[in-house]
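The structure presented is a predicted model; accordingly, all values stated were derived computationally and were not measured.
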Amino acid sequence: MKKLDSNKLTQAQQDFFKDHLAYLATVDANGEPQVGPKASMQVLDESHLQYLEKTQAHAYENLLNGSKAAVVVADVPTHTNVRVKGTAHVHDGDEYGKKVAEEAGFPNAKVVVIDVEEIFE
C-alpha cells in the first residue's frame, strides 16, 4: 500500500467508499487494536468521513480517549483498496450530531466525523 501525496479524496476514491463496506480501526490506551465494520461510513466531503456510532462500545471509547482512526475499504476480487488515517471528532448532543442522527433514523446514535489526514492505495 502506497501513501499518496494528497489528503483529499478523489472522486474515484469517494465512489469506492460508496460501493464497499468500511472497516474502522482504533487502539486503546494499552495499544490493543480494535477493528470492526461500519456500515454507515460515508464520505462527507473530500476531506472528511462520517459514520453513526450506534453501539458506543470499544471503538467509540478509543476515539473518545484520543485514538487515531484508520478506515479501509477493499474490493477482494480486484485487490483494490483505499485506506484513510485521521483524527475523529465525536458529535454527542450538539446541534449537528442531533440533526444527522435523527435524519438517519437513529436519534440515540453519536455522529463521528474523521478528518482525512493521510490516504493510502
Side-chain angles (χ1 to χ4, degrees):
M1 202 171 247
K2 178 183 172 193
K3 181 180 176 196
L4 304 181
D5 291 332
S6 175
N7 63 348
K8 306 282 187 217
L9 294 164
T10 66
Q11 188 61 53
Q13 291 165 333
Q14 292 178 45
D15 293 343
F16 196 74
F17 265 88
K18 290 178 191 172
D19 297 333
H20 298 86
L21 178 61
Y23 286 81
L24 171 70
T26 61
V27 295
D28 67 16
N30 297 318
E32 294 295 320
Q34 162 64 31
V35 178
K38 295 295 177 189
S40 65
M41 185 73 68
Q42 62 182 356
V43 175
L44 189 56
D45 59 39
E46 66 183 8
S47 299
H48 301 92
L49 302 176
Q50 173 179 284
Y51 77 95
L52 295 174
E53 179 54 68
K54 300 171 198 165
T55 65
Q56 299 166 32
H58 302 292
Y60 178 71
E61 289 298 322
N62 293 345
L63 294 173
L64 287 178
N65 290 324
S67 173
K68 286 285 196 177
V71 180
V72 67
V73 289
D75 181 66
V76 176
T78 63
H79 301 281
T80 306
N81 60 74
V82 176
R83 184 176 73 195
V84 169
K85 286 174 43 179
T87 301
H89 306 279
V90 177
H91 293 270
D92 179 5
D94 65 12
E95 191 103 4
Y96 179 77
K98 286 179 184 178
K99 178 180 181 255
V100 171
E102 286 177 10
E103 286 176 359
F106 294 94
N108 295 323
K110 311 302 181 200
V111 176
V112 178
V113 176
I114 301 169
D115 299 336
V116 175
E117 296 168 356
E118 295 180 314
I119 303 170
F120 300 79
E121 280 190 342

Please say yes or no: joined through hydrophobic side-chain contacts below 4.5 Å, possibly via intermediate residues, are [X] and [Y] part of one cluster?
| X | Y | result |
| --- | --- | --- |
| Leu4 | Val73 | yes |
| Val100 | Phe106 | yes |
| Leu24 | Val113 | no |
| Val72 | Val112 | no |
| Met41 | Val111 | no |

Could you state the interatomic distance from CG (Leu63) to CD1 (Ile114), rounded to the nearest 0.5 Å?
->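 CD1 of Ile114 is found 7.0 Å from CG of Leu63.
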Could you state the interatomic distance from NE2 (His91) to CD (Gln50), rounded to the nearest 0.5 Å?
-> 7.5 Å
Let me see the working for Gln11 and Asp15 under side chain to side chain donor-acceptor pair (under 3.5 Å), right down to the final yes or no.
-> CA-CA 6 Å; Gln11 188 61 53; Asp15 293 343; 3.0 Å; yes
Test item: [X] side-chain N/O and [Y] main-chain N/O as donor-acceptor pair under 3.5 Å:
| X | Y | result |
| --- | --- | --- |
| Gln13 | Thr10 | yes |
| Asp45 | Ser47 | yes |
| Ser40 | Leu52 | yes |

Exercise: identify the closest heavy-atom pair between [X] and [Y]:
| X | Y | value |
| --- | --- | --- |
| His48 | Val116 | N-CG2, 3.8 Å |
| Ala109 | Gln56 | CA-NE2, 4.3 Å |
| Glu117 | Thr87 | OE2-OG1, 2.6 Å |
| Gln34 | Ala59 | CG-N, 3.8 Å |
| Glu102 | Pro107 | CG-CB, 4.0 Å |
| Phe16 | Asn81 | CE2-CA, 3.9 Å |

Does a side chain donor of either Asn62 or Thr26 reach within less than 3.5 Å of an acceptor in the other side chain?
->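 The answer is yes; a qualifying pair exists.
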What I'd like to find out is whether the side chain of [X] reaches to under 4.5 Å of the side chain of [Y], using heavy atoms alone.
| X | Y | result |
| --- | --- | --- |
| Pro77 | Asp75 | yes |
| Lys68 | Lys85 | no |
| Lys54 | Lys110 | no |

More than 12 heavy atoms from other groups under 6.0 Å of NE2 on His89 |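 Count over threshold, so yes.
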Could Glu118 and Lys3 be called an ion pair, given the rule that one side-chain N must be under 4.0 Å from one carboxylate O?
->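 Salt bridge between Glu118 and Lys3, a charged N being under 4.0 Å from a carboxylate O: yes.
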Is Glu121 salt-bridged to Arg83, cutoff N-O under 4.0 Å?
->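 So Glu121 does not pair with Arg83 through a salt bridge.
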side-chain contact (heavy atoms from CB on, under 4.5 Å) partner of Leu49, the single match among Leu44, Asp115, Leu9 = Leu9
Run the side chain to side chain contact (heavy atoms under 4.5 Å, CB included) check on Val71 and Phe17 step by step: do they pass?
-> CA-CA 10 Å; Val71 180; Phe17 265 88; 3.8 Å; yes
